[in-house]
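All heavy atoms count here, side chains included; hydrogens, waters and symmetry mates do not.
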Amino acid sequence: MKNMLGKKVGMTQIFKEDGTLVPVTVIEAGPLFVVQKKTVEKDGYNAIQVGFGDVKEKRMTKPAKGHFDKANVAYRKFLREFKVENPDEFEIGQEIKADVFSEGDMVDVTGSSKGKGTAGVIKRHGFGRGRETHGSKFHRMPGGMSAGTYPGRVFKGHRMMGRMGNERVTVQNLEVVRVDAEKNLILVKGAVPGPKKGLVSIKATVKK
């Protein structure tokens, strides 16, 4: 199973053995604990449900508490499912560590991008601006949006001002530069979405 949940620690840079300097994102990956197994016979698909991240008991809802108590697993902040071919390879309560990945693996990292609030079309979509000369009256406006006669409305998906960021973003084909299973750290070349301490999902790349 080439899947992992983690927490973005931040960015730094390291030297490879050949002396090249590589910018890396440090991700605190795992440990994950198997909370539930799902099978084709019972649920219609094969998967395992894993928990990640420490949480205080008082922050747990009663249904979530019961779910963890049934599996006899310590309470976790996040619950996610990963599809697997054979759930019988895993045991309830099993610990999954960062060493599911190794140096040189190519991965896709998914996270929620930083929210930037309401933004105009120049910042959000890179539109050009109008003249700044006196009397122009067109500076940072969005410009024409549609024809007045036909269709007489703005088409869906038209690029306009609005909320920027805070979206689910996947960065593909990132190289795993280093793995430290003892400290639960994975170092990935380049940048990954989201703020520091943000939840990210790592999986083997689909477009190598």
Side-chain angles (χ1 to χ4, degrees), residues 1-11 25-101 107-119 162-172 174 176 179-188 191-206:
M1 183 195 77
K2 290 270 187 175
N3 287 286
M4 180 57 64
L5 291 175
K7 187 168 67 174
K8 180 176 173 179
V9 177
M11 290 196 72
T25 301
V26 182
I27 300 172
E28 184 186 324
L32 308 182
F33 295 90
V34 179
V35 180
Q36 187 180 5
K37 295 194 288 186
K38 302 205 170 184
T39 59
V40 173
E41 296 78 21
K42 190 175 177 183
D43 305 284
Y45 62 99
N46 286 332
I48 59 168
Q49 190 184 73
V50 295
F52 169 70
D54 296 327
V55 65
K56 293 179 181 177
E57 184 178 345
K58 68 178 182 180
R59 296 192 181 276
M60 298 289 290
T61 62
K62 282 187 178 180
K65 270 187 184 180
H67 188 59
F68 281 97
D69 289 341
K70 182 180 177 183
N72 198 23
V73 177
Y75 302 134
R76 296 286 146 188
K77 188 172 184 179
F78 302 104
L79 270 179
R80 294 292 185 274
E81 279 187 10
F82 296 133
K83 286 193 173 181
V84 294
E85 290 188 9
N86 185 13
D88 293 329
E89 294 177 0
F90 301 89
E91 297 297 329
I92 301 293
Q94 179 181 336
E95 185 178 7
I96 302 172
K97 303 192 80 170
D99 52 12
V100 294
F101 293 103
V107 295
D108 295 342
V109 182
T110 303
S112 292
S113 61
K114 289 182 181 179
K116 300 181 186 298
T118 304
R163 191 189 76 181
M164 182 178 177
N166 193 24
E167 297 174 322
R168 187 175 168 84
V169 179
T170 299
V171 178
Q172 297 180 325
L174 297 177
V176 175
V179 176
D180 189 336
E182 289 185 10
K183 295 180 180 178
N184 295 311
L185 295 178
I186 293 179
L187 274 60
V188 175
V192 305
K196 292 177 182 177
K197 298 184 180 178
L199 180 70
V200 294
S201 174
I202 313 164
K203 67 175 183 178
T205 190
V206 292

Surrounding NZ of Lys83 (heavy atoms of other residues, nucleotides or ligands, distance under 6.0 Å), is the total greater than 12? no

Donor-acceptor pair, Asp180 side chain versus Glu182 backbone, under 3.5 Å? yes

Distance from Asn184 atom CG to Ile27 atom CD1, nearest 0.5 Å? 12.5 Å

Classify the angle between the aromatic ring planes of Phe68 and Tyr75 as parallel (below 30°), tilted (30 to 60°) or perpendicular (above 60°). perpendicular

In Å and rounded to the nearest 0.5 Å, what is the CZ to CE distance from Phe52 to Met4? 9.0 Å

Val200 backbone acceptor or donor facing Lys8 side chain under 3.5 Å: no

Going through the distances and angles, do Ile48 and Ile96 end up as a side chain to side chain contact (heavy atoms under 4.5 Å, CB included)? CA-CA 12 Å; Ile48 59 168; Ile96 302 172; 4.2 Å; yes

Side chain Asn72, main chain Gly93, donor-acceptor under 3.5 Å: no

Contact between Leu32 and Arg76 at the side-chain level, heavy atoms closer than 4.5 Å - yes or no? no

Distance-only, no hydrogens or angles: does the Ser113 side chain make a donor-acceptor pair with backbone N or O of Asn166 under 3.5 Å? yes

Tell me, do Glu91 and Val34 make a side-chain contact under 4.5 Å, heavy atoms counted? no

Distance-minimising heavy-atom pair for Val206 and Gln172: CG2-NE2, 4.0 Å

Minimum heavy-atom separation for Phe101 to Val179, with atom names? O-CG2, 3.6 Å

Is atom NZ of Lys65 surrounded by more than 12 heavy atoms (other residues, nucleotides or ligands) closer than 6.0 Å? yes

Looking only at heavy atoms, the pair that brings Thr25 and Met11 closest together is OG1-CG, 3.6 Å

Between Ala29 and Ala98, the two heavy atoms sitting closest are O-CB, 3.8 Å

Any sub-3.5 Å donor-acceptor pair from Asn46's side-chain atoms to Glu85's backbone N or O? yes

Salt bridge check, Asp54 against Lys77: does any charged N sit closer than 4.0 Å to a carboxylate O? no

Donor-acceptor pair, side chain of Lys197 and main chain of Lys7, under 3.5 angstrom: no

Indicate yes or no: at least one non-hydrogen side-chain atom of Val171 is less than 4.5 angstrom from one of Pro193. yes

Steps toward side chain to side chain contact (heavy atoms under 4.5 Å, CB included) verdict (Thr110, Arg168): CA-CA 7 Å; Thr110 303; Arg168 187 175 168 84; 3.6 Å; yes

Around atom NZ of Lys97, are there more than 12 heavy atoms from other residues, nucleotides or ligands closer than 6.0 Å? yes

Could you report the tightest heavy-atom contact between Glu28 and Leu185, atom names first, then the distance? CA-CD2, 4.0 Å

For Arg80 and Leu5, work out which heavy atoms get closest and say how close. CG-CD1, 3.5 Å

In sequence, state the C-alpha distance, the side-chain angles, and the governing distance for Gln36 and His67, and then conclude on side chain to side chain contact (heavy atoms under 4.5 Å, CB included). CA-CA 9 Å; Gln36 187 180 5; His67 188 59; 3.2 Å; yes

Could you go through the side chain to side chain contact (heavy atoms under 4.5 Å, CB included) check for Val84 and Glu89 one step at a time? CA-CA 9 Å; Val84 294; Glu89 294 177 0; over 6 Å; no

Are Thr205 and Val107 packed together at the side-chain level, in the sense that at least one heavy-atom pair is separated by less than 4.5 angstrom? no

Can you establish whether the number of heavy atoms outside Lys38 located under 6.0 Å from its atom NZ is more than 12? yes

